[in-house]
Amino acid sequence: MPTWFQTTAIDYPNSRPHIGTAFEKLGADVQARYRRMEGYDVFFLMGNDENTAKVSRQAARLGLDPQTYCNDMARQFRSVWDALDISYDVFIQTSSERHKQCCRKFIQKVYDNGYIYKGSYEGWYCPECEEFKTQKQYDDSGGLCPNHRLALVRRTEPCYYFKLSAFQDRLLQHYQQHPDFIQPESRRNEIISLIQTEGLRDVNISRLGEDWGIRIPFDPEFTIYVWFDALLTYITGIGYGDDESTFRKYWPADVHFIGKDITRFHCALWPAMLWAAGEQAPRRVFAHGFVYVKNEESGVVEKISKSLGNVIEPMEVISKFSSEAFRYYFLRECPYPSDGEFSWSRFAEVYNAELANNLGNLLSRCVNLIVKNYEGVLSWAEGPLPQAVVASGELPEFVERVRQQVESFHYHLALQAILRELLTPTNQYLEAQAPWKLVRTDAAAAAQVLGRAVESLRVAAILLKPFLPRTAATLYHSFDFTEPWEQVRYATAAQPPVSGRQRRVIAPLQDGKLKPLFPRIDLSEANLHT
RNA sequence: GGCGGGGUAGCUCAGCGGUUAGAGCAGUCGCUUCAUAAGCGAUGUGUCGUGGGUUCGAUUCCCACCCCCGCUACCA
């Protein structure tokens, strides 16, 4: 059984996740679900990045000790991920004792291998934030802290450096030999040009005088600074340091899903850290885009931020509509490798046009026609078995196209194909054949027509399974397809169903009718703005 | 400033040397009524960012300029 190990970025628990954070997890979840379907032994890792000064300060503000605060935030994060049906296997908290121990083993190893040395770091420091600011931040804000508007001071402190510079050539060579290591390609080009034009400097991986965090084993006055701790969840989460066999089974990771803003840490620093400890680099890093919020009144597209007051929490959308609608919107409307936008009006448009009118209504019309005219059972004793209606070419080729899009993380294109090449053509086919008329003169022919529509729904259910796990199951279980739902894979969609000559509606009915799969959203009722 | 990507219908985008520049959504008009007031069909006078140039011919190639976005090192 092939393994598939994937991770998402671990999040700072300074505040609860917003829709942008969820976008990343969603894209990762589709991949995890797809790989499970296809027979991989999947390990899907997520977690929170807790060992930061900001976390301990936020906890202090709330009068909590950091651990209590972190545990509570972790619980809140997980409840959001659960509500979205994110199918992670393990959720790591970096404040956990296990992570800390494994982390210390790693850094000790890198130290023993000679890639860590003591030096001093000089930079612009904000005493209020208790952290260093970048030169760019200094320049942009005229030497003031962007948060506190206090003058930044020049500060020097002893620290430990990781010899990132030693891996420059090896990294470039690695990118050369593994062209799809960094995706999408635009990010790859950025990283390569960064290294080629500016080179890599050694990085400070320690902090002095922090209570909260992981002590450096060879000098306990220091704690490990974020990246050198956070990135390690990707291996401590699968047993690095205390469960060698699990670690060897899953490492190297098949893909790290991250935001485009942290590409460099994952594509340069992380492989170098691993090499310094004698481990392999991950196979692939996928940097997705961001979600922006379109202001409903002004039409201005804004970055999601607390100060702009435009933060939308996933639970807000889920409780108004559903997790499936949430998943569909972001997977369909926001191209995973690029940026996307959210607005309530666009949400309603996409939902109505595609989920309610196209998919949901197709199921309704099929089920109701079969129930009314055939007492819920279609049979076709003679002739060819009904085939799904696809726009062009053969069904297997269509399924293959969708598969390609899923495997390359182009989820919006996969969903677009399902819609345009399968569902819409099926609606068109019904219109052209008009089985509601045909049944009066030739019931057998009408049964063939409906059989083809039902076949389209079967194919759609299977292809949609990674995207909309609940909807896909409901669709599939509306009919008596005999292949067990747990065992279907993409290849199943391309083959005719095992049970050939009869198809029964088994969807629950109310007063002889099917309850809408996705009830339309009425914009005029607009309870959208909270 | 440097490097990279982009500016095409109201919106999101495809096209990237050649007949009258395309798709989806939204809008408008029909048809239909099996279905969630759903479905189907028809419907666009768009300076293809601006100005030059190459060419028989440019949205598509070259140059300049304007505008937007990303990266430019320790800020998920």
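Just so we're on the same page: letters track the sequence lines, and every chain starts at 1.
Rounded to whole Å, atom C1' of B:A26 lies 12 Å from atom CD of A:E333. If you take CD of A:E421 and P of B:G24, they are 13 Å apart, rounded to a whole angstrom. Rounded to a whole Å, the CG atom of A:D339 is 15 Å from the C1' atom of B:C13. Whole-Å rounding puts the A:E349 CD to B:A38 C1' distance at 17 Å. Look at CD1 on A:I192: it is 17 Å from P on B:C3, rounded to the nearest Å. If you measure from atom CZ of A:R420 to atom P of B:G22, you get 16 Å, rounded to the nearest angstrom. Put simply, CH2 on A:W436 is 10 Å from P on B:C40, counting in whole angstrom units. Taking atom CG of A:N373 as the reference point, atom P of B:C34 lies 10 Å away to the nearest angstrom.
Separation of the C1' atoms belonging to B:U8 and B:A58 is 14 Å when rounded to the nearest angstrom. The C1' atoms of B:U59 and B:C48 are separated by 4 Å, rounded to the nearest whole Å. A distance of about 39 Å separates the P atoms of B:A76 and B:A9, rounded to the whole Å. Separation of the C1' atoms belonging to B:C66 and B:G49 is 8 Å when rounded to the nearest angstrom. Comparing B:A23 with B:G44, their P atoms sit 10 Å apart, to the nearest whole Å. Distance noted for atom P between B:G18 and B:G70: 33 Å (whole Å). Rounded to whole Å, the separation between the C1' atoms of B:C13 and B:G17 comes to 22 Å. Nucleotides B:G53 and B:A26, compared at atom P, are 44 Å apart to the nearest Å.
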Taking only nitrogen or oxygen atoms into account, show me every contact under 3.5 Å that the protein makes with nucleotides 35-37 of chain B, one pair per line with its distance.
{"from": "B:A35", "atom 1": "OP1", "to": "A:K372", "atom 2": "NZ", "distance (Å)": "2.9"}
{"from": "B:A35", "atom 1": "O2'", "to": "A:N361", "atom 2": "OD1", "distance (Å)": "2.4"}
{"from": "B:A35", "atom 1": "N1", "to": "A:R365", "atom 2": "NH2", "distance (Å)": "3.4"}
{"from": "B:A35", "atom 1": "N3", "to": "A:N361", "atom 2": "ND2", "distance (Å)": "3.2"}
{"from": "B:A35", "atom 1": "N3", "to": "A:R365", "atom 2": "NE", "distance (Å)": "3.2"}
{"from": "B:U36", "atom 1": "OP1", "to": "A:K513", "atom 2": "NZ", "distance (Å)": "2.5"}
{"from": "B:U36", "atom 1": "OP2", "to": "A:K513", "atom 2": "NZ", "distance (Å)": "2.9"}
{"from": "B:U36", "atom 1": "O2", "to": "A:F518", "atom 2": "O", "distance (Å)": "3.2"}
{"from": "B:U36", "atom 1": "O2", "to": "A:R520", "atom 2": "N", "distance (Å)": "3.3"}
{"from": "B:U36", "atom 1": "N3", "to": "A:F518", "atom 2": "O", "distance (Å)": "2.8"}
{"from": "B:U36", "atom 1": "O4", "to": "A:G360", "atom 2": "O", "distance (Å)": "3.2"}
{"from": "B:U36", "atom 1": "O4", "to": "A:N361", "atom 2": "N", "distance (Å)": "3.4"}
{"from": "B:U36", "atom 1": "O4", "to": "A:L517", "atom 2": "N", "distance (Å)": "3.3"}
{"from": "B:U36", "atom 1": "O4", "to": "A:F518", "atom 2": "N", "distance (Å)": "3.3"}

Tabulated below should be each protein N or O lying under 3.5 Å from an N or O of nucleotides 6-11 of chain B; please produce it.
none

Distances under 3.5 Å between nitrogen or oxygen atoms of protein and nucleotides 73-76 of chain B:
{"from": "B:A73", "atom 1": "O4'", "to": "A:R264", "atom 2": "NH1", "distance (Å)": "3.4"}
{"from": "B:A73", "atom 1": "O4'", "to": "A:R264", "atom 2": "NH2", "distance (Å)": "3.3"}
{"from": "B:A73", "atom 1": "N6", "to": "A:G199", "atom 2": "O", "distance (Å)": "2.0"}
{"from": "B:A73", "atom 1": "N6", "to": "A:R201", "atom 2": "N", "distance (Å)": "3.4"}
{"from": "B:A73", "atom 1": "N1", "to": "A:R201", "atom 2": "N", "distance (Å)": "2.8"}
{"from": "B:C74", "atom 1": "OP1", "to": "A:T134", "atom 2": "OG1", "distance (Å)": "3.4"}
{"from": "B:C74", "atom 1": "OP1", "to": "A:Q135", "atom 2": "N", "distance (Å)": "3.4"}
{"from": "B:C75", "atom 1": "OP1", "to": "A:F132", "atom 2": "O", "distance (Å)": "3.1"}
{"from": "B:C75", "atom 1": "OP2", "to": "A:Y225", "atom 2": "OH", "distance (Å)": "2.4"}
{"from": "B:C75", "atom 1": "O2", "to": "A:Q137", "atom 2": "NE2", "distance (Å)": "3.3"}
{"from": "B:A76", "atom 1": "OP1", "to": "A:Y12", "atom 2": "OH", "distance (Å)": "2.5"}
{"from": "B:A76", "atom 1": "OP2", "to": "A:Y12", "atom 2": "OH", "distance (Å)": "3.4"}
{"from": "B:A76", "atom 1": "N6", "to": "A:H18", "atom 2": "NE2", "distance (Å)": "3.1"}

Distances for protein N/O vs nucleotides 66-68 of chain B N/O pairs under 3.5 angstrom?
none

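Cation-pi geometry between A:K54 and A:W212 is not satisfied (NZ or CZ under 6.0 Å from the ring centre, within 45° of the ring normal). For the pair A:R458 and A:F479, the NZ or CZ position fails the cation-pi test of under 6.0 Å to the six-membered ring centre and within 45 degrees of the ring normal.
Listed pair A:Q433 / B:C34 fails the phosphate criterion, with no side-chain N or O lying under 4.0 Å from OP1 or OP2.
Between A:Y175 and A:F181, the ring planes are parallel. Angles under 30° get that label, and only those over 60° would be called perpendicular.
For the salt bridge (charged side-chain N to carboxylate O under 4.0 Å, His left out) test with A:E313, the passing option among A:R16, A:K306, A:K320 is A:R16; the others fail.
For A:A22, the side-chain contact (heavy atoms from CB on, under 4.5 Å) criterion is met by A:W81, A:L84, A:P314, A:F326, not counting sequence neighbours.
Surrounding CD of A:E185 are at most 12 heavy atoms belonging to other residues, nucleotides or ligands under 6.0 Å away.
In this structure, CD on A:E333 lies 8.5 Å from OG on A:S343, to the nearest 0.5 angstrom.
Taking 4.0 Å as the cut-off between side-chain N and carboxylate O, A:E455 and A:R452 do not count as a salt-bridged pair. Comment: A:E210 does not engage A:R207 in a salt bridge, judged by the lack of any side-chain N to carboxylate O separation of less than 4.0 angstrom. Salt-bridge check for A:E122 with A:R154: passed, with a basic side-chain N closer than 4.0 Å to an acidic carboxylate O. Salt bridge A:D11/A:K25: present, at least one basic N to carboxylate O contact under 4.0 Å. Here A:E354 pairs with A:R332 in a salt bridge; the nearest charged N to carboxylate O distance falls below 4.0 Å.
Pairing analysis of RNA chain B (Watson-Crick: purine N1 to pyrimidine N3 plus N6-O4 or O6-N4; G-U wobble: N1-O2 and O6-N3; both under 3.5 Å) yields stems of 3 or more pairs at B:1-7 with B:66-72, B:10-13 with B:22-25, B:27-31 with B:39-43, B:49-53 with B:61-65.
For the 3.5 Å distance criterion, the side chains of A:T236 and A:H99 qualify, holding a donor opposite an acceptor. For A:N310 and A:E302, the side-chain atoms include at least one donor-acceptor pair closer than 3.5 Å. A donor and an acceptor atom, one from each side chain of A:Q76 and A:D72, are located under 3.5 Å apart.
Annotation for A:T426 and A:L422: closest pair OG1-O, 2.6 Å, computed over non-hydrogen atoms.
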Exercise. Would A:H256 and A:Y234 satisfy ring-ring contact (aromatic ring centres under 6.0 Å, His included), going step by step from the backbone distance to the final call?
Worked result: CA-CA 9 Å; A:H256 293 308; A:Y234 301 148; 4.3 Å; yes

